[in-house]
Colleague: 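Next up is a structure, given as structure tokens.
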Amino acid sequence: MTPGNELLFLALGGSGEIGMNVNLYGTQGKWVMVDCGITFSGGEYPGVDIVLPDLQFIEDRLDDLLGIVLTHGHEDHIGALPYLAADLGVPLYATPFTAGLIRGKLDEEGVSDRVELNVIDNQGSFDLGPFRFTYVPLAHSIPEGNAVLIETKHGAIFHTGDWKLDDAPQIGVPSTAEELKAIGDQGVLALVCDSTNVFNPEPSGSEGDVRAGLAEVIGAAEGRVLVTTFASNAARLKTLADVARDTGRELCVAGRSLDRILRVAKQTGYLRDFPETIDFDAAMRLPRSRVMIVATGGQGEPRAALARVAEGTHPIKLESGDTVVFSSKQIPGNEIAIGRIQNILAGKGVAMITDRQAHVHVSGHPGRPELAAMYGWIRPNFVVPVHGEIRHMAEQARFAVSQGVPGAVVQQNGEIIRLAPGQPERVGFAPAGRLVLDGDVILPADGGTINERRKLALNGQISLAVAVSRAGKLIGRPQVRLNGVPVEEERDSFLDEAETAVEKVVADQGAGNPDKLREALRLAVRRVATRWTGKKPVVDVLLIGG
């Protein structure tokens, strides 16, 4: 589909799910992409950490793609760039802090020389073909969270990215209500808006308010204090530095992503007054009441600093009387991983404080009062909810209309929506699947490799080696090896029955048709396994001779 004299919208990620945000806008024969993020794998993709958007739709139309505009530097908005941007071959556009994070990622992947990265001033504007983009700063849990105002001949789009309202943001200067009203005064066709916290009846809260809560908790702690938070939340890092200073503690930072955020923040003019940190050895030598560690891993990531501290494999050690503060929201799906680490810490006598016990975190996404305020300032003709599961987006559509917005469009990944001219309507569908990064290889998320791995994980695997003479007689004993087949103490008896089944098949089939014999052997051994276990393991047959 090539966009004509119209304005089209298409999400290839982030609509109907949390994360992996990719949005396309099309007009006058050209497309632009806003954000290109990842999501993280759960158990549905064994052996995989990172899930990427499938961009086949736009890859088939690269001559029409003008560029990728990034709203901010979170992984669910920029994380796919190191793996996909070079092949897309179009320029990237980002404000300085976000560009610094992207440059580091491209360098790590070794593709910097193949990707054009354009740094746009904060609140800067630029043209891409029939589109004009202007960055509009909004508060979020990372420096330089931005909306983009996208102007076209068919009307203006206000694409919020991730945002919140914050009267004391600590880092950066978000747009004022008057500035946002001025955008609304110019006329806005559609507000494409973050839906993540639509069910929250309260405002998300100010970063400035968190400082008092953290100071109270850390000031009352007697032993070592470890605070875990999202590495990208540079405003929280500034808050923690202030709290460490207020409570007389030296600051130690544990986690590569924290080091990277601090480095890029300082390079781009943020956190210039961040105190000198101490190394792990110095932290362990100080009196316990004089050290505060900031660490990654609050979502239960097994290789992050907090997990290694809990397991005792990190130079930082915690013991009874110490405190861990979870200054972050528990992301749905991470409950088991977080609980595992908390149980280990509890077993050591470490006290834990989360946002349920004290005011140690505020969200970076808008609650209902903030959404209502944005509707009133921007006054769009209609709202297009994004950044959420279907329930989030459907609820935001209902809420927007209840607040006086004339209309709302609930769409999902792959649905092509004509925003103008006329009333918005669905005009087509595009493939909107998933890819996985498996080691260094990008694969279809539901392709042969991952499906085979799921079968292995669910049912186990049996390897069978059988030697057969030309006369169709079995040579020696069949060799059977098991991986993950639940026979345990009865293993020998199971193997005996499997070998008996092999002997019977060879006696019945002979060596006349090797392919037929191989399949009969596979089915016979799998039937034995099913009788014993109720499972259907993958059976690989090596037939020698025949």
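Model, not experiment: these values are computed from the prediction. When reading the values below, keep in mind they use all heavy atoms of this one structure, side chains included, and skip hydrogens, waters and symmetry mates.
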Colleague: Strictly distance-based, threshold 3.5 Å: is any side-chain N or O of Arg308 a donor or acceptor partner for the main-chain N or O of Ile316?
Modeller: no
Colleague: Holding to side-chain hydrogen bond (donor to acceptor under 3.5 Å, both in side chains), I want the full list of residues that pass it with Ser402, two or more places apart in sequence or in another chain.
Modeller: none
Colleague: For Asp246, which residues count as a side chain to side chain contact (heavy atoms under 4.5 Å, CB included) partner, sequence neighbours excluded?
Modeller: Arg211
Colleague: Do you see a donor-acceptor pair shorter than 3.5 Å between the side chains of Ser141 and Asn233?
Modeller: no
Colleague: Report the residues that fulfil ring pair (Phe, Tyr, Trp, His ring centres under 6.0 Å) with His387, sequence neighbours left out, ordered by chain and then residue number.
Modeller: His77
Colleague: Identify which one of Glu311, Glu301, Glu335 satisfies the salt bridge (Lys or Arg N to Asp or Glu O under 4.0 Å) criterion when paired with Arg340.
Modeller: Glu311
Colleague: Restricting to side chain to side chain contact (heavy atoms under 4.5 Å, CB included), what partner residues turn up for Glu75, sequence neighbours left out?
Modeller: Ile38, Phe40, Lys105
Colleague: Scan side-chain atoms only and decide if Ser125 and Thr134 contain a donor-acceptor pair under the 3.5 Å cut-off.
Modeller: yes
Colleague: Which residues pass the side-chain hydrogen bond (donor to acceptor under 3.5 Å, both in side chains) test with Asp49, not counting sequence neighbours?
Modeller: Arg303
Colleague: Using side-chain contact (heavy atoms from CB on, under 4.5 Å) as the criterion, point out the one residue from Val362, Leu138, Thr196 that pairs with Lys164.
Modeller: Val362
Colleague: Can you pull the side-chain hydrogen bond (donor to acceptor under 3.5 Å, both in side chains) pairs that have at least one residue in residues 260-279, sequence neighbours excluded?
Modeller: Glu144-Tyr270
Colleague: Could I get the full list of ring pair (Phe, Tyr, Trp, His ring centres under 6.0 Å) partners for Tyr93, not counting sequence neighbours?
Modeller: Phe126
Colleague: Are a donor atom and an acceptor atom from the side chains of Asp35 and Thr71 found within less than 3.5 Å of each other?
Modeller: yes
Colleague: Could you tell me which residues satisfy side chain to side chain contact (heavy atoms under 4.5 Å, CB included) with Glu222, sequence neighbours excluded, listed by chain and number?
Modeller: none
Colleague: Do you see a donor-acceptor pair shorter than 3.5 Å between the side chains of Thr39 and Glu17?
Modeller: no
Colleague: Got a sec, which residues hit ring pair (Phe, Tyr, Trp, His ring centres under 6.0 Å) with Tyr25, two or more places apart in sequence or on another chain?
Modeller: Phe9, His159
Colleague: If you look at every heavy atom in Gly223 and Arg249, which pair is closest and at what distance?
Modeller: O-NH1, 3.0 Å
Colleague: Do side-chain atoms of Lys317 reach the backbone of Gly312 as a donor and acceptor pair under 3.5 angstrom?
Modeller: yes
Colleague: Between the main-chain N or O of Gly300 and the side-chain N or O of Asn334, is there a donor-acceptor pair closer than 3.5 Å?
Modeller: no
Colleague: Identify every side-chain donor-acceptor pair in residues 326-333 under 3.5 Å, counting partners at least two apart or on other chains, and give the distances.
Modeller:
{"residue": "Ser327", "atom": "OG", "partner": "Arg236", "partner atom": "NH1", "Å": "2.8"}
{"residue": "Ser327", "atom": "OG", "partner": "Val360", "partner atom": "O", "Å": "2.6"}
{"residue": "Lys329", "atom": "NZ", "partner": "Asn197", "partner atom": "OD1", "Å": "3.4"}

Colleague: What residues form a side chain to side chain contact (heavy atoms under 4.5 Å, CB included) with Arg285, not counting sequence neighbours?
Modeller: Asp281, Ala282
Colleague: Once side-chain hydrogen bond (donor to acceptor under 3.5 Å, both in side chains) is applied, what residue pairs with a partner in residues 376-386 remain, sequence neighbours excluded?
Modeller: Asp185-Arg379
